[in-house]
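Notes follow the structure.
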Amino acid sequence: MSEKVLSIDKTTVQMLDKAKKDGVETAWDRKEILKASCGFGLAGVCCRNCTMGPCRVSPVPGKGAERGICGATADVIVSRNFARMVAAGAAAHADHGRSIVLELLHTSPDGAIKVKDEKKLKKVASRFGIETEGKDVYDIAHELAQAGLNDFGRQYGSITLPPTVPAKRKETWEKLGIVPRGFDREVVAIMHSTHVGCMADAEEMLRMSMRCALADGWLGSYMATELSDIMFGTPHSRPTEASLGVLEDNQVNIVLHGHEPSLSEMIVQAAEMPEMIELAKSQGADGINLCGMCCTANEATMRHGVKLAGNFMQQELAVITGAVEALVVDVQCIMPALAKLATNYHTKFITTSPKAHITGSTHIEMDEEKPLETAVGIVKEAIMNFKNRDKSKVVIPNVKTKAEVGYSTEEILNKLDGVVNSQIGPMQSAKPLADVIVAGVIRGAAGVVGCNNPKTVHDEGHLEVIKGLIKNDIIVVVTGCAAQAAAKAGLLTKEAKELCGPGLKKVCELVDIPPVLHMGSCVDISRILELVGTTANHLGVDISDLPVVGIAPEYMSEKAISIGTYVVSSGIDTWLGVVPPVTGGPAVVDFLTNKIEEWVGAKFFVEPDPHKTVEQIVERINEKRKKIGI
Ligand code: SF4
Ligand code: SF4
């Protein structure tokens, strides 16, 4: 492998060195072996939607093959490929949301999963028009779950939008015909329209993509977040630690990786059982150390302060430390390479979901009837594996960073209450946030989200963008693997206010918050929508009027494409640090980076340079401020 800089995270560099010594490969090696990506795929002009193809058309207009065998142009092929990415990303969130809804349907006062946040249950239920007065909590929960399920499979009308969606935004969507109907229907509709001989109009294809993505943001992800809070608790700020150095030398290390909180919640409960701790001690360990990876980590840390071992590109590195007894996964963003890698160490790679079997793993399927029993079984597997740890192979990086996590929308409003005179009020309102934005004490707000991608220097995009924004008095909220990058770099601490411009620094001091707020996992981007919508409603404007932006500096997944599409469709300008596979379709590029703004008041920007990204954002935010006269 060449000696170019692969990561700015020290523990990553250290573990890549160890990987070399241990003779094991990582995603970076595989990227190197694959050499340059195919130019047709990069530009999005390769189609294999039927067996007349594959067809590769020229990404340069007027040069080479201009149509596939069926006659599809580059723009049609690119738009169909883009739509399928949106559908796949949205489907991942739909299925995640659906399983959370089903869990709510099966909650019971004596079951493993109960209702933890009654207040939130009633709030969400009334949004669905469910009567809550004098009703049993579990009856409400089951009715809400049923209403949610109906929206996933709805055949008539449209999904239930939360009141957070400003009236003007709803009107815009209605006018454009992009209010989502049933969620599953939108995914199916895209798969239908992208079939050979169906949709051959790039703009209409993109309109469908927007409608499907909106179902993701405002239903699938939204319900996943809201109902997880109802069952597992709405997060509040709490301390944790981040980096691969959170693995412990003499404890049973269990790394939770994947997405759905149900698995991690059960494992947390199991790992805290006194008999499990005793069992660990009987095996010579001091205890059980739970850590998280990717979005499962974000879920578990938001509610329990579980330590953050790392983000997407570090999943293999956790195993390479030689100190992980069990890597327990459910769905999404799990590299299949882990199965082979784990055979070089004592690590048990345990899959748990019927949706994500991985050849070579140990599969212990989560029994939905007895989730806690399954979790106990998994924790036992990890404990009994402690004795197999080969001490000569163990290297745990000596780095741990303090972080503050748990900033749900509710927690942010709680914190804002701290600067409101309770005799005057209003309490639990976005007014203080709106006030400092209007006054210009802070210039605006940004959501930095998304994955890692070996096409970029690991974590660099996230950190440079975040640091640049807070320096310019733009408050940052983070989710997903961006959140973990921020945590590892110490940006999720109150001390990070020293990196801020004077206005943001003052706000952090007064409200007693870090300048970068951890809002959770990828589905929790719906929390950002909730906060932005609440602020827009408070000011009586549309979301697209607010000086608010979204950025995915190192994204890689189809989920991120869906997220970007619903964020833009919701009226928030979005910067992508990795070029999406659309460059071969000039009309598609023009639509996404230009024309879409006429439709929804926001557009995509593609900028791989994080410093230029910050400059563009500051400029755009200043323009927006001017436009609404603040
Ligand atoms: S759908 Fe058209 S462009 Fe795609 S593979 Fe078939 S013939 Fe080729
Ligand atoms: S941010 Fe991206 S890589 Fe990380 S967990 Fe979410 S989708 Fe997966």
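Read the numbers this way: they start at 1 and go in the same order the structure lists the ligands and their atoms. What you see is a predicted model, and the numbers here were worked out from it, not measured in a lab.
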List the closest protein heavy-atom neighbour of atom 4 (Fe) of ligand 2: residue, atom name, distance to the nearest 0.1 Å.
Cys481 SG, 2.3 Å

Answer whether the closest heavy-atom distance between the side chains of Ser408 and Arg527 falls below 4.5 Å.
yes

Tell me, with the steps shown, if Leu214 and Ser570 meet side chain to side chain contact (heavy atoms under 4.5 Å, CB included).
CA-CA 8 Å; Leu214 283 172; Ser570 297; 3.8 Å; yes

The protein heavy atom nearest to atom 3 (S) of ligand 2 is Cys451 CB, 3.3 Å

Is the shortest distance from a heavy atom of Arg80 to ligand 1 less than 4.0 Å?
yes

Are more than 12 heavy atoms, taken from residues, nucleotides or ligands other than Lys400, located less than 6.0 Å from that residue's NZ atom?
yes

For Met556, take its heavy atoms, then give the atoms of ligand 2 lying under 4.0 Å from any of them.
3 (S)

Check if Cys295 has a non-hydrogen atom at a distance under 4.0 Å from any atom of ligand 2.
yes

NZ/NE/NH1/NH2 to OD/OE distance under 4.0 Å, Asp573 and Lys603
no

The expected count of protein N/O/S atoms at less than 2.8 Å from atom 4 (Fe) of ligand 1 is 1

Go through the steps to decide whether His236 and Glu411 satisfy the test side-chain hydrogen bond (donor to acceptor under 3.5 Å, both in side chains), and finish with yes or no.
CA-CA 5 Å; His236 294 293; Glu411 180 67 350; 2.8 Å; yes

Nearest-option assignment for atom 8 (Fe) of ligand 2, heavy atoms, candidates Cys294, Cys333, Ala92:
Cys333

Students often mix this up, so state it plainly: with edges at 30° and 60°, are the rings of His259 and His96 parallel, tilted or perpendicular?
perpendicular

Non-hydrogen side-chain atoms of Tyr566 and Ile525 separated by less than 4.5 Å:
yes

At less than 4.0 angstrom from any non-hydrogen atom of His259, what atoms of ligand 2 do you find?
5 (S), 6 (Fe), 8 (Fe)

